[in-house]
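Letters A, B, ... mirror the listed sequences (proteins, then strands); counts begin at 1.
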There are 2 protein chains.
Amino acid sequence: MTIEYAILGLLSWKPFSGYDLKKIISESAIYYWSGNNNQIYKTLLQLHQDGWVSQQVINQQFLPARKVYSITPSGNEALQKWLKSLPDLPEFRSVFLIKLEWAELLNDSELDDLLEVYLQELKDGLVIRQEENRREIKTGRSPRETYLWQKIAKKTISVFEDEIEWVEQMRIDLKTIRENQ
Amino acid sequence: MTIEYAILGLLSWKPFSGYDLKKIISESAIYYWSGNNNQIYKTLLQLHQDGWVSQQVINQQFLPARKVYSITPSGNEALQKWLKSLPDLPEFRSVFLIKLEWAELLNDSELDDLLEVYLQELKDGLVIRQEENRREIKTGRSPRETYLWQKIAKKTISVFEDEIEWVEQMRIDLKTIRENQ
DNA sequence: GTAGTCATGTAAGACGTTACATGATTCT
DNA sequence: AGAATCATGTAACGTCTTACATGACTAC
């Protein structure tokens with residue numbers, strides 16, 4: 001389970017409640033999970049049972065009690081071990097690519113429509129990601145960390161920028177192919 | 001279920017057996033599923049029940065019977081409808097990015113090791129993808145399709161190339177950050 | 001009064017992977 | 001002798017999402 005370590009990593013930075021984590025995970029592009037309650041609250045229970053996090057219940061006047069989790073020394077050890085473990089290759093999952101593969105079943109204008117709609121979605125998605133990054137210009141605990149965090153942020157937007165460029169080039173090329181027929 | 005349509009798309013190209021599909025899906029980068037038996041054989045059963053594919057049993061001398069599936073007119077209709085439907089945004093899932101976010105817990109040489117190992121994995125992965133593309137230089141049924149198929153193939157390798165470049169730039173930058181301290 | 005935020009949690013189901021099971025042939 | 005290929009399928013399990021459930025406060 002990698003969400004286990006994703007949460008552990010966040011708690012190594014600051015203590016958070018399940019509710020906080022849910023927000024972070026559902027709003028950040030690098031955390032590719034939906035950020036649903038079930039997964040987060042169950043994972044926190046698991047982490048607590050493993051002794052990797054400790055829980056502090058904070059009662060509130062008119063609101064439900066907050067359960068704030070902090071990383072423990074053994075949790076930190078587990079996180080370190082994971083950080084040093086063999087990294088996984090990234091996965092680029094594009095259902096659009098699968099659609100494109102069978103685009104021969106579409107006529108020229110249908111394909112154009114598909115590309116246009118996709119392009120618009122990408123551009124909207126890019127704006128959302130750019131706003132997400134602007135909202136939190138995170139300063140790290142060291143120049144090295146600040147650099148890495150900026151590099152991560154830039155990566156999430158460059159994936160979209162590259163995809164937009166790729167589609168735009170495709171539209172140009174398709175026009176040329178049609179003219180040469 | 002998108003694997004349903006992924007299989008339907010392949011069958012719109014040529015008839016295939018479950019065994020054939022398993023191979024294609026597990027070896028191709030754009031089909032991001034593992035290509036396990038369970039999923040494929042169950043999906044084919046489903047597609048057959050829906051009347052989207054037809055089955056032809058081919059008995060063989062010393063080998064188990066092959067069940068070859070072909071797309072039906074209603075399957076083709078369903079596929080067309082799917083092709084024209086709203087495309088999903090691509091997902092870039094990188095566990096490495098989550099690791100990098102907490103790399104502050106590693107010292108300089110540990111981070112260097114992580115980057116080096118990751119880079120090596122990426123380079124190995126790139127070679128595998130390049131070989132995959134070289135194995136089948138697919139010619140489409142039209143210049144348009146040939147172009148699209150090449151564009152898809154190039155995309156699967158450019159994702160890796162971009163990632164390699166990104167990591168290499170990071171190594172250079174990290175060296176500079178250390179020297180300026 | 002309707003929707004959103006804060007805050008927890010559970011139930012049901014969809015989706016995906018690993019591993020098991022069979023059995024003959026062919027390659028090293 | 002052992003492993004790989006061809007070819008089907010099932011069982012068990014892990015992961016992930018959607019939807020349900022509660023309840024007070026706040027903003028429009």
To the nearest 0.5 Å, how far apart are CG in B:N76 and OG in B:S70?
11.5 Å
Atom-pair distance ([atom1] on [X]; [atom2] on [N]), nearest Å:
X	N	atom1	atom2	result
B:N36	D:dA12	CG	P	17 Å
B:M1	D:dC16	CE	C1'	16 Å
A:Q46	D:dC16	CD	P	14 Å

For a quick test of reading the model: is some side-chain N or O of B:Q60 closer than 4.0 Å to OP1 or OP2 of D:dC6?
no
Check whether any side-chain nitrogen or oxygen of A:S34 sits under 4.0 Å from OP1 or OP2 of D:dC16, and answer yes or no.
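It does not, given that no N or O in the side chain of A:S34 lies less than 4.0 Å from OP1 or OP2 of D:dC16.
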Verdict with reasoning, B:E110 to B:L114, per side-chain contact (heavy atoms from CB on, under 4.5 Å)
CA-CA 6 Å; B:E110 284 168 340; B:L114 183 66; over 6 Å; no
When we call it a touch if two heavy atoms are under 4.0 Å apart, what does B:Y41 touch: a base, just sugar-phosphate, or nothing?
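Base: the residue B:Y41, judged by heavy atoms under 4.0 Å, touches a nucleobase.
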Using heavy atoms to find the nearest nucleotide of DNA chain C for A:L63 and B:F62 separately, return the residue whose nucleotide is more 5′.
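The residue closer to the strand's 5' end, by nearest nucleotide, is A:L63.
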Suppose we screen for ring-ring contact (aromatic ring centres under 6.0 Å, His included). Which residues come up paired with A:Y118, at least two apart in sequence or across chains?
A:F96
Taking atom CD of A:Q169 as the centre, does the number of heavy atoms from other residues, nucleotides or ligands within less than 6.0 Å exceed 12?
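Yes, CD of A:Q169 has more than 12 neighbouring heavy atoms, counting only those of other groups under 6.0 Å.
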Look at atom NZ of B:K175 and say whether more than 12 heavy atoms of other residues, nucleotides or ligands are closer to it than 6.0 Å.
no
Quick one, which residues of residues 48-59 of chain B touch DNA chain D with a heavy atom under 4.0 Å?
none
What are the residues of residues 10-29 of chain A, sorted by number, that bring a heavy atom to within less than 4.0 Å of DNA chain D?
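Correct list: empty, so none.
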I'd like to know if A:N38 reaches the base of D:dT17 with its side chain, counting only an N/O donor and acceptor under 3.5 Å.
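Such a pair is found, so the answer is yes.
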Minimum heavy-atom distance between B:A29 and B:R129, given as atom pair plus value:
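Residues B:A29 and B:R129, closest heavy atoms: CB-NH2, 3.7 Å.
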A:W102 vs B:W149 aromatic rings, parallel, tilted or perpendicular, using cut-offs 30° and 60°?
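It falls in the perpendicular class, over 60°.
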What pairs with A:K67 under side chain to side chain contact (heavy atoms under 4.5 Å, CB included), at least two apart in sequence or on another chain?
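For A:K67, the residues satisfying side chain to side chain contact (heavy atoms under 4.5 Å, CB included) (neighbours in sequence not counted) are A:Q55, A:V57, A:Y69.
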Angle, rounded to 10°, between the helical axes spanning five pairs at each terminus of the helix from C:dG1-D:dC28 to C:dT28-D:dA1?
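Comparing the axis at each end, I get an angle of 40°.
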When the nearest nucleotide of DNA chain D is assigned to B:K67 and to A:Y32 on a heavy-atom basis, which residue is associated with the more 5' position?
B:K67
Range on DNA chain C touched by chain A, heavy atoms, distance below 4.0 Å:
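So the contact region on DNA chain C extends C:dT5 to C:dA12.
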In terms of side-chain heavy atoms, does B:D173 have a donor or acceptor partner in B:T176 at a distance below 3.5 Å?
no
If we ignore hydrogens and angles and just use 3.5 Å, is the side chain of A:D20 paired with the main-chain N or O of A:S17 as donor and acceptor?
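It does hold such a pair.
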Any Lys/Arg nitrogen of A:D108 or B:R144 sitting under 4.0 Å from an Asp/Glu carboxylate oxygen of the other?
yes
Any chain of hydrophobic side-chain contacts (each under 4.5 Å) joining B:L63 to B:Y41?
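Different hydrophobic clusters.
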Criterion side-chain hydrogen bond (donor to acceptor under 3.5 Å, both in side chains) on A:K99 and B:S85, from CA distance to verdict
CA-CA 10 Å; A:K99 276 193 183 170; B:S85 70; 3.0 Å; yes
